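Note that the coordinates shown come from a computational prediction; the quantities given were computed from them, not determined experimentally. Here is the naming used below: chain letters follow the sequence lines, and residue numbers restart at 1 for every chain.
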There are 2 protein chains.
Amino acid sequence: MTTAQNDRVDRYKARCLTQERNLFGRLQAAALASRTQAKRLLKSKGDLSITEWRVLWDLAEAGPLTVTEMASIQRTDHALISRTIPAMIEKGYVATKTGTTDRRTSLVALTAAGRSVFEGTSVIMSQRRAALSTAFSEADLDVFLGLIDRFEQFVEDPKSLSPATEGTA
Amino acid sequence: MTTAQNDRVDRYKARCLTQERNLFGRLQAAALASRTQAKRLLKSKGDLSITEWRVLWDLAEAGPLTVTEMASIQRTDHALISRTIPAMIEKGYVATKTGTTDRRTSLVALTAAGRSVFEGTSVIMSQRRAALSTAFSEADLDVFLGLIDRFEQFVEDPKSLSPATEGTA
DNA sequence: TTATTTTACGTGACAAGTCACATAATCTTT
DNA sequence: AAAGATTATGTGACTTGTCACGTAAAATAA
């Protein structure tokens with residue numbers, strides 16, 4: 001290996017080191033790894049997608065629910081849920097009816113088949129949550145969630161990157 | 001509002017409360033909010049996608065780099081980068097050549113135009129990182145990264161959800 | 001030296017996610 | 001009561017990401 005190649009590899013390694021402290025990148029990667037784990041666990045028990053699993057879980061815990069309510073609970077966009085519901089209806093897992101007090105809403109409820117699929121899948125997902133609870137104490141979790149709260153405030157607060165800030169930079 | 005409706009709303013609210021302490025969901029939402037912020041900032045300075053920005057940034061800091069090296073630095077899959085490179089070549093931002101020591105590799109380097117686009121965009125992205133540094137001290141960051149390390153170990157460690165665990169449950 | 005295994009990267013299919021938009025329904029203002 | 005503004009949901013287009021696969025090249029084993 002030549003000196004130029006050594007330089008190139010050194011730069012690569014240095015770059016990797018600096019990115020280990022890049023909170024944006026690290027959070028992204030951790031969240032995606034988490035998602036991959038969930039997909040793998042769901043796959044081991046059937047063919048539910050993550051969105052389908054979330055819908056079933058929310059409905060099992062608190063249904064019937066509107067699309068917007070589920071989106072809010074899951075901190076996701078209503079579009080994703082809206083797009084998932086028809087196939088779940090087709091599979092017989094959920095049924096919808098127009099809201100009586102607000103005819104814009106679509107009230108989604110579990111069917112018996114949906115309840116059954118939920119129960120067949122919930123064991124592994126409960127185990128996942130229980131395993132996480134052994135890895136992180138309640139105090140750890142408080143710290144973690146507090147840091148996440150602060151991070152979310154940062155990314156959603158326009159003031160942190162306002163013209164005034166630019167003026168002083 | 002009837003009693004049944006009250007019950008339904010109460011269940012929804014209770015469900016929201018429990019999900020506030022769901023670390024999986026919270027981490028996911030925070031990472032996605034961060035990504036959205038990045039996209040918004042990039043959009044304010046041009047039309048770079050997140051993947052394009054990441055490629056430019058890595059190359060500016062440590063280029064030339066292979067697809068696998070960039071994927072490793074960014075903690076992403078090589079497929080995403082491979083798919084992005086041709087358009088960036090078309091735009092004149094990067095150029096590639098086959099590696100001399102390993103002809104399987106594709107060495108990607110910034111062009112002068114790419115350097116220029118990088119520099120036009122890097123100010124706002126640097127400001128973003130600086131703003132994050134004012135929101136989180138080095139000590140905060142150490143704690144946060146440590147918790148993320150532990151979370152990543154959890155989601156990647158098969159032992160936490162092994163048959164032995166299932167046997168004892 | 002040959003055979004086998006592993007690796008780099010390009011490609012395709014699909015899921016998860018964002019944003020814009022449209023339509024209908026509801027709410028607020030005039 | 002009518003007009004204007006806001007909201008719920010469905011849809012489409014696009015990005016970001018995963019996984020599987022194929023091919024060529026490199027590494028390892030026989």
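The distance between atom NZ of A:K43 and atom P of D:dT18, rounded to the nearest whole Å, is 17 Å. Straight-line distance from the CG atom of A:L65 to the C1' atom of D:dA8: 15 Å, rounded to whole Å.
Across all their heavy atoms, A:R150 and B:A135 have their closest contact at NH2-O, 2.9 Å.
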Please tabulate the protein-to-nucleotide N/O contacts below 3.5 Å involving nucleotides 14-16 of chain D, giving atom names and distances.
from   : atom 1 : to    : atom 2 : distance (Å)
D:dT16 : OP1    : B:I50 : N      : 2.7
D:dT16 : OP2    : B:S49 : OG     : 3.4
D:dT16 : O3'    : B:R35 : NH1    : 3.2

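Between A:R21 and B:D142 there is a salt bridge, since at least one side-chain N of the basic residue sits less than 4.0 Å from a carboxylate O of the acidic one. Note on A:E69 versus B:K13: no salt bridge recorded, every NZ/NE/NH1/NH2 to OD/OE distance being 4.0 Å or above.
With 3.5 Å as the limit, one finds no donor-acceptor pair spanning the side chains of A:R15 and B:S72. Remark: the A:R75 side chain and the B:Q28 side chain contain no N/O donor-acceptor pair separated by less than 3.5 Å.
The aromatic rings of A:W57 and A:W53 sit parallel, their planes meeting at an angle under 30°, below the 60° perpendicular limit. Taking the six-membered ring for Trp and thresholds of 30 and 60 degrees, B:F136 and A:F151 have ring planes inclined between 30 and 60 degrees apart.
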**Residues B:R26, A:E152; criterion salt bridge (charged side-chain N to carboxylate O under 4.0 Å, His left out); working and verdict** = CA-CA 10 Å; B:R26 290 297 306 278; A:E152 283 180 327; 3.1 Å; yes
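Heavy-atom distances under 4.0 Å link DNA chain D to A:R104, A:T105, A:S106 of residues 88-111 of chain A, given in residue order.
Each of A:H78 and A:T36 lies near DNA chain D, and the nucleotide nearest A:H78 is the one positioned closer to the 5' end. Summary of the strand contacts: B:I85 and A:R75 both lie near DNA chain C, and taking for each the nucleotide with the nearest heavy atom, the more 5' one is attributed to B:I85.
In terms of phosphate contacts, B:S82 brings no side-chain nitrogen or oxygen within less than 4.0 Å of OP1 or OP2 of C:dC9.
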